Novice: 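Below are the structure tokens for one structure; questions will follow.
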Amino acid sequence: MNRAYDPQTIEPRWQKIWDEEKAFTATDDYSKPKYYALVEFPYPSGQGLHVGHPRPYTALDIVARKRRLEGYNVLYPMGWDAFGLPTENYAIKNHIHPRIVTQRNVARFTAQLKALGYSFDWDREINTTDPGYYHWTQWIFLQLFKKGLAYKAEMPINWCTNCKVGLANEEVVNGVCERCGGEVVRKVKSQWMLKITEYADKLLEGLDHVDYIERVKTSQRNWIGRSTGAEVDFALENTGDSLRVFTTRPDTLFGATYMVVSPEHPVIEKYAGRIRNLEEVRAYQEAAARKSDFERAELAKEKTGVCLEGLRAINPVTGASIPLWVSDYVLMSYGTGAIMAVPAHDERDWEFAKKFGLPIVEVVAGGNVEEAAFTDTASGKLVNSGFLNGLDVADAKKTIIAWLSANGLGKEKVNFKLRDWVFSRQRYWGEPIPIVKCETCGYVALPESELPLLLPEVDSYMPTDTGESPLSAMTDWVSTTCPCCGGPAARETDTMPQWAGSSWYFLRYLDPHNDKELASREALAYWMPVDWYNGGMEHTTLHLLYSRFWHHFLYDEGVVPCPEPYQKRTSHGMILGENGEKMSKSRGNVINPDDIVREFGADTLRTYEMFIGAFDLSASWSTEGVRGCRKFLERVWKLQEILTEEEGYSAALETKMHQTVRKVSQDFEAMKFNTAIAAMMTAVNEFYRVGKVTRGEFGTLLRLLDPVAPHICEELWQACGFEGRLYRQTWPTYEEEKTKEKTVEIALQMNGKIRGTLEIPADLPREEVLTAAKKALAARLEGLTVVKEIYVPGRIVNLVVRG
RNA sequence: GCGGACGUGGUGGAAUGGCAGACACGGUGGUCUUAGGAGCCACUGCUUCGGCGUGCGGGUUCAAAUCCCGCCGUCCGCACCA
């Protein structure tokens, strides 16, 4: 009974028992209320588990375990996002097949996660690199292809000169490859693209119907970047042709004194013959092409540009002839790749006009346009603008758009920052794209019966010098016949990006062994949407957006029962090293969770990671703090020594117990794990203060603490002779009435300054409280007049005095 | 530059209009001990003992860490998106 607390013995034992008893298996009993708790599945890296992983896993383990005690059928699954560059790079370097590397890493991660006692349903484990899994990743791609949402395009892509692979914009960080730090240049390649832009409005609108923390919604909205404005056509002088621009400020059209096109804009090629300084323009284009996106965007960079001499446009409202310039501050990838420049009311145009001596015409009054661009849209009135004069900005926008439409010169237009998703990678370790190219039929989908299209064995995983995938060297795999006409055809050799497998994995958990469909209709109808999804801030834009896009698409296809996959999304903060810096090998501040488990136990690690601070903020590791949590668990263990035979709560602690149950229950829901644990520490301190703990009190404590530290609680539950398994009990309840103290100590203030305290019965009427307060402060009140009396029940009396 | 978050003891952090510093770490003293890097007990924001204290300066309020205005600082995103 009074053995010392020994996590190294009890933790593996309970892990084995839970496993054998299938304690955390989600059932297919669809009559019970369901709860789907989800954490981002890890990439099984060679480094093994990081102390950052247990933070979100423990948090949702707490939620999952609490929900089970509350009677829900809970699904809390785990799997592996196992395609990806580090594995492939390791395979290249060490001449080991990436599948072997993956198996090894998955085995290590599994052992590490199991040692932490998570209540994952391991029967539903998935792996994105299993053919039985990527079968359905490929299937979804085919559906996208059939609906015209997957297409091939010549795209200037970010080319990592080191990995020899095309990167999505978001994989380029500060001009270098996010993974290897190599130099990134622009290169044009034919790429598979997914038309996520088609879903921009749905992805934006869907945010209004889900419970995401606000900053996640904000970053989704910013990434989609919807802006309303107008398209305007400017006639090109003596060509009969026109140049279209997008602007959010059509109201300033009278102030458009020149135009700018991006260096890649086709109008330059089209009218090259007219451009008198073509050589200068060509040189500028070449210089721009050599620059990476990063260099082009570099902060505080001076504006550069060249005038297209010989080519001019007409301002459609003023009729004035205005010059055309080329400059890399205009991006081909947004809007139309051309702008109307209104230097008086746009900072970039103003800077450019000042540098090149272009005219600045004020059309919205309110600033000094010789000193700075006036961009305030709330206060100004239109001037120098013909029929718009005197209007405010909002009205002027409406009026000019109506005028443009009526004259066939433009119309209202919505633009998005969001671009289509570059979906090709010239890499081996990814899902093959199930498409063949036929000389007569073009790109043809593989029949669904031929899925999964297996990743073939290759001799080398190294991408070729031409930038093609290693698969392209496998001629007998590449050569095939066209499913459409039977003629000779070649397989697509690009593979999918790592984002693919993670864009729908939460659906596969519902029915992971189904080889007829990605998941059964019944399972989808019952389990979706995910009730609570937690993940890192680093995935709040792309992974979330991509997976929401696929899910919206699958909803439109009738595959899934709801448009939004995740009902609730939260994010955890990072765990930093003891020095407050990000943990990394090079900084030498890495903490290995295995060491913590070995020295202190899994329950201590779990408790500590939940106690470390507010869940959504980053926190620094502290080994002293870990020790403190171990000490707390030791004190819980030793409560056995003062455990009495009484059932129920003792009179002395009844209120405290009801308060603690309420506090812990509420705090777990609000992810305030640190204060929930603090409340349990206080309760334990109380037990020691009164010198005993009843069975009722101890049983309640064990059930409250179980989600955080399940092994010690399960062990104590059994050791102290409580019936059955703790994981099969019910969540403790409280009575609001019993959380109320009989007497309270209130603060006494005079003019808002604390002047004393007073112990009173909690239900004492206001007048009697005030009388007692005045009596207690009698000495200080002498010679003063009380002009106002404030009483906040249970809190404070404040007497406002004068004299 | 834009957007977001944050700023409280020696440290991590509580408190979201009502007694600032819960809970813990660290520290000091004591106790037990062959021993203490264990356990237990007490104290632990500053103070000239009047008071003063939540980055700084204003404001609203009977009452402000909390709400409002203006600064300063730190961290994280995004970065010429017309």
Side-chain angles (χ1 to χ4, degrees), chain A residues 170 173-174 214-216 218-219 221-223 225-227 229 245-250 252 256 259-260 262 293-294 296-301 303 327-331 333-342 345-349 351-352 415-419 537-538 540-541 573-574 576 578 580 608 611-614 616-629 631-632 634-635 638 663 672 674-685 688 745-758 786-801:
Chain A
E170 39 284 13
V173 176
N174 293 336
E214 206 47 45
R215 58 184 169 142
V216 171
T218 304
S219 64
R221 290 195 183 104
N222 289 346
W223 197 266
R226 186 181 201 271
S227 55
V245 301
F246 171 73
T247 176
T248 54
R249 294 294 306 276
T252 62
M259 297 181 81
V260 188
S262 85
D293 268 353
F294 178 65
R296 271 179 75 152
E298 223 171 335
L299 185 72
K301 189 192 61 149
K303 295 262 183 297
S327 172
D328 63 7
Y329 85 89
V330 174
L331 309 174
S333 50
Y334 183 77
T336 64
I339 62 157
M340 65 177 212
V342 184
H345 305 290
D346 181 282
E347 281 169 23
R348 294 151 302 179
D349 298 345
E351 197 188 321
F352 193 81
N415 245 323
F416 296 92
K417 281 192 211 173
L418 185 69
R419 327 243 173 101
M537 273 314 282
E538 70 275 20
T540 53
T541 39
M574 242 192 314
L576 307 170
E578 296 213 55
Y608 173 66
F611 189 62
I612 192 168
D616 57 337
L617 300 179
S618 57
S620 301
W621 187 265
S622 156
T623 301
E624 293 306 330
V626 178
R627 249 184 265 285
C629 288
K631 197 168 127 184
F632 165 61
E634 297 270 6
R635 279 166 69 76
K638 286 197 202 134
K663 176 81 177 152
K672 293 166 79 170
N674 52 341
T675 50
I677 292 168
M680 290 187 272
M681 286 173 169
T682 307
V684 169
N685 291 345
Y688 281 107
E745 191 190 61
I746 61 166
L748 302 181
Q749 293 186 338
M750 283 170 60
N751 290 345
K753 298 259 185 231
I754 297 299
R755 286 293 176 259
T757 59
L758 189 62
V786 176
V787 295
K788 194 170 179 182
E789 298 166 339
I790 290 123
Y791 172 49
V792 181
R795 296 279 189 182
I796 209 163
V797 167
N798 189 12
L799 301 176
V800 185
V801 297

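Predicted, not measured: the structure shown is a model, and the values here were computed from it.
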Novice: For nucleotides 37-43 of chain B, print each protein N/O atom paired with a nucleotide N/O atom at under 3.5 Å, atom names and distance only.
Specialist:
residue	atom	partner	partner atom	Å
B:C40	OP1	A:Arg635	NH1	2.8

Novice: Under the side-chain contact (heavy atoms from CB on, under 4.5 Å) rule, collect the residues that match up with A:Glu789, sequence neighbours excluded.
Specialist: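 Partners of A:Glu789 by the side-chain contact (heavy atoms from CB on, under 4.5 Å) criterion, ordered by chain and then number, come out as A:Arg766, A:Leu770, A:Lys774, A:Val786, A:Leu799.
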Novice: Tell me, please, which residues at least two apart from A:Tyr608 pass ring pair (Phe, Tyr, Trp, His ring centres under 6.0 Å).
Specialist: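 Here the qualifying residues are A:Trp621.
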Novice: In whole Å, measure the gap between the C1' atoms of B:A20 and B:A15 for me.
Specialist: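 Going atom to atom, C1' in each nucleotide, I get 7 Å.
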Novice: So what's the dot-bracket for RNA chain B: Watson-Crick or G-U pairs under 3.5 Å, [ ] if a pair crosses, | if it pairs off-strand?
Specialist: (((((((..(((.....[....)))((((((.......))))))((....))..(((((..]....))))))))))))....
Novice: Please check the phosphate of B:A14 (OP1 and OP2 only) for any side-chain N or O of A:Asn674 closer than 4.0 Å.
Specialist: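 It does, given that an N or O in the side chain of A:Asn674 lies less than 4.0 Å from OP1 or OP2 of B:A14.
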Novice: To the nearest Å, how far apart are A:Asn222 CG and B:C76 C1'?
Specialist: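 Distance check: A:Asn222 CG to B:C76 C1' gives 14 Å.
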Novice: Taking atom P in both B:U11 and B:G51, what distance in whole Å separates the two?
Specialist: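 It comes out at 28 Å once rounded to the nearest Å.
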Novice: Using a 4.0 Å heavy-atom cut-off across all strands, classify A:Ile612 as base, sugar-phosphate, or nothing.
Specialist: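 Sugar-phosphate, no base atom in range.
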Novice: Considering residues, nucleotides and ligands other than A:Glu634, do more than 12 of their heavy atoms fall under 6.0 Å from its CD?
Specialist: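 Yes - once you tally the heavy atoms of other residues, nucleotides and ligands closer than 6.0 Å, there are more than 12.
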Novice: Is a donor from one side chain sitting under 3.5 angstrom from an acceptor on the other, for A:Arg635 and A:Asn685?
Specialist: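 A:Arg635 vs A:Asn685: donor-acceptor pair found between side chains.
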Novice: What integer number of Å spans the C1' atoms of B:U47 and B:C62?
Specialist: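 One C1' to the other, the span is 28 Å.
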Novice: Could you pull out the protein-nucleic contacts involving nucleotides 18-21 of chain B (nitrogen or oxygen on both sides, under 3.5 Å)?
Specialist:
residue	atom	partner	partner atom	Å
B:C19	N3	A:Glu745	OE1	3.4
B:C19	N4	A:Glu745	O	2.8
B:C19	N4	A:Glu745	OE1	3.0

Novice: With sugar-phosphate meaning primed atoms plus P, OP1 and OP2, does A:Gly628 contact a base, only sugar-phosphate, or nothing at under 4.0 Å between heavy atoms?
Specialist: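 Sugar-phosphate only.
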Novice: Using atom P of each nucleotide, how far apart are B:G13 and B:G36 to the nearest Å?
Specialist: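 So the two P atoms sit 35 Å from each other.
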Novice: Please measure how far the P atom in B:G37 lies from the corresponding atom in B:G29, and state the result in whole Å.
Specialist: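 The same atom, P, in both gives a distance of 13 Å.
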Novice: Taking side-chain contact (heavy atoms from CB on, under 4.5 Å) as the definition, give me every residue that meets it alongside A:Arg795, ordered by chain and number, with sequence neighbours left out.
Specialist: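 A:Val792.
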Novice: I'd like the C1' distance from B:C69 over to B:G9, given in whole Å.
Specialist: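 Their C1' atoms lie roughly 29 Å apart.
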Novice: Between B:U8 and B:A65, how far apart are the two P atoms, rounded to whole Å?
Specialist: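 To the nearest whole Å, 15 Å.
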Novice: Between A:Arg221 (CZ) and B:C2 (C1'), how many Å, whole number?
Specialist: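 Atom-to-atom, A:Arg221 to B:C2, this comes out as 17 Å.
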Novice: Verify the distance criterion only: is there a donor paired with an acceptor across the side chains of A:Glu578 and A:Ser622 at less than 3.5 Å?
Specialist: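 Judged by distance alone, the side chains do not pair up.
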Novice: Strictly below 4.0 Å: does A:Ser227 bring a side-chain N or O up to OP1 or OP2 of B:A82?
Specialist: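 So the side-chain polar atoms of A:Ser227 do come within 4.0 Å of the phosphate oxygens OP1 or OP2 of B:A82, strictly under.
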Novice: Could you work out the separation of B:C68 and B:A5 based on their P atoms and round it to a whole Å?
Specialist: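 Their P atoms lie roughly 12 Å apart.
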Novice: Under 4.0 angstrom, heavy atoms only, what part of the nucleic acid is A:Phe611 near: base, sugar-phosphate, or nothing?
Specialist: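 Base contact - A:Phe611 has a heavy atom under 4.0 Å of at least one base atom.
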Novice: For A:Lys672 and B:A22, is the shortest distance between a side-chain N/O and OP1 or OP2 below 4.0 Å?
Specialist: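 No, A:Lys672 has no side-chain N/O under 4.0 Å of OP1/OP2 on B:A22.
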Novice: If I take atom CD in residue A:Glu347 and atom P in nucleotide B:C2, what distance separates them, rounded to the nearest angstrom?
Specialist: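 After rounding, the reported distance stands at 8 Å.
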Novice: Need one value for A:Asn685: base, sugar-phosphate or nothing, where a base atom within 4.0 Å counts as base even if backbone is also close, heavy atoms only.
Specialist: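 Sugar-phosphate contact only - A:Asn685 comes under 4.0 Å of backbone atoms but never of a base.
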Novice: Can you tell me whether the base of B:G50 sits syn or anti, using the 90° cut around 0 to define syn?
Specialist: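 In terms of base orientation relative to the sugar, B:G50 is syn.
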Novice: Measure from NZ on A:Lys663 to C1' on B:A22 and round the result to the nearest Å.
Specialist: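 Distance check: A:Lys663 NZ to B:A22 C1' gives 9 Å.
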Novice: Using a heavy-atom cut-off of under 4.0 Å over every strand shown, decide if A:Thr682 touches base, sugar-phosphate, or nothing.
Specialist: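 Sugar-phosphate contact only - A:Thr682 comes under 4.0 Å of backbone atoms but never of a base.
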Novice: Students often get this wrong, so: under 4.0 angstrom with heavy atoms, is A:Ala679 touching a base, only sugar-phosphate, or nothing?
Specialist: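 Answer is nothing: A:Ala679 stays at 4.0 Å or more from every strand.
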Novice: Could you tell me which non-hydrogen atom of A:Val342 sits nearest to which non-hydrogen atom of A:Thr252, and how far apart they are?
Specialist: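 Closest heavy-atom pair between A:Val342 and A:Thr252: CG2-OG1, 3.4 Å.
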